[in-house]
Amino acid sequence: MTVRTVDPARFRTVLGHFCTGVTVITAHDGVAPAGFACQSFAALSLDPPLVLFCPARHSRTWPAIRDAGSFAVNVLAEEQRELSAVFGTRGTDKFGSVDWSPAPSGAPVLAGALTWIDCRLEAVHEAGDHYVVVGEVTALGEQSSGRPLLFYQGRYTTTEPVGADLGGLLAWAGPDDWL
């Protein structure tokens, strides 16, 4: 028996200080599209190219995505807050008022997304009250020059420019260091 030493409400509050991007994970089973808003998304590996996302175990949409065997990750733009809310709501016709086109896998690519990542389902791991889903990247979308939609401390936010270019002084470490 595990003794809980971390209060769930405090855990949520503390982790809320970590800013995340907002994505919509989509799939198409040949009959109907499926999708949900997801903040738990990350790059995992460059070689082979892998990404991960974490759906809740109680998600009604996850089984449709799992059964499709492939999915697309739609990276939302700052002006897509309402779209995020639609895909974050249960029981609605999420695709009824959304323009989309199929990725190579057939998964919906949402109009206006900053970019998209098409994936083949590689692995699913149980992890607490969620699953960790690993996808092998099979295709990449073009990139928009827009700004991303972010989530921070329980609300939507976006990036702001950081001033003058400092000649790489504050640049990211090389790819070998962060991925």
Ring centres of Phe36 and Phe71 under 6.0 Å apart?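 No.
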Would the Phe53 and Tyr131 ring centres measure less than 6.0 Å apart?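 No, the ring of Phe53 stays outside the 6.0 Å limit from the ring of Tyr131, centre to centre.
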Nearest non-hydrogen partners of [X] and [Y], listed with the distance:
| X | Y | value |
| --- | --- | --- |
| Pro108 | Pro33 | CG-CB, 3.7 Å |
| Val51 | Cys119 | CG2-SG, 3.6 Å |
| Ser84 | Ala37 | O-CB, 3.7 Å |
| Leu149 | Arg81 | CD1-CG, 3.5 Å |
| Trp116 | Pro104 | CH2-CD, 3.7 Å |
| Val22 | Leu150 | CG2-C, 3.9 Å |

What pairs meet the side chain to side chain donor-acceptor pair (under 3.5 Å) rule with one or both residues in residues 24-38, with sequence neighbours excluded?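 Every pair satisfying side chain to side chain donor-acceptor pair (under 3.5 Å) with a residue in residues 24-38: Thr26-Asn74.
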Tell me, do [X] and [Y] make a side-chain contact under 4.5 Å, heavy atoms counted?
| X | Y | answer |
| --- | --- | --- |
| Thr115 | Glu142 | no |
| Thr23 | Gln39 | no |
| Leu110 | Leu83 | yes |
| Pro55 | Val133 | yes |
| Trp62 | Val124 | yes |

Backbone N or O of [Y] within a donor-acceptor pair of the [X] side chain at under 3.5 Å?
| X | Y | value |
| --- | --- | --- |
| Asp99 | Ala111 | no |
| Ser45 | Leu50 | no |
| Arg90 | Arg60 | no |

Do [X] and [Y] land in one hydrophobic cluster if side-chain heavy atoms of ILVMFWY residues count as linked below 4.5 Å?
| X | Y | answer |
| --- | --- | --- |
| Leu140 | Ile25 | yes |
| Leu114 | Val86 | no |
| Phe151 | Phe41 | no |

Atom [atom1] of [X] and atom [atom2] of [Y]: how far apart are they, to the nearest 0.5 Å?
| X | Y | atom1 | atom2 | value |
| --- | --- | --- | --- | --- |
| Cys54 | His130 | SG | NE2 | 7.0 Å |
| Glu136 | Arg120 | CD | CZ | 4.5 Å |
| Leu121 | Ser105 | CG | OG | 11.5 Å |

Which residue in the set Val24, Val109, Leu52, Ile117 passes side chain to side chain contact (heavy atoms under 4.5 Å, CB included) when paired with Val73?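 Among Val24, Val109, Leu52, Ile117, the one meeting side chain to side chain contact (heavy atoms under 4.5 Å, CB included) with Val73 is Ile117.
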Quick one: list whatever passes side-chain contact (heavy atoms from CB on, under 4.5 Å) with Ala85, sequence neighbours left out.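 Not a single residue meets the side-chain contact (heavy atoms from CB on, under 4.5 Å) criterion with Ala85.
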Is the CZ atom of Arg12 crowded by more than 12 outside heavy atoms at less than 6.0 Å?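 No, the 6.0 Å shell around CZ holds no more than 12 heavy atoms from other groups.
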Electrostatic pair Glu79:Arg147 at N-O distance under 4.0 angstrom: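 So Glu79 does not pair with Arg147 through a salt bridge.
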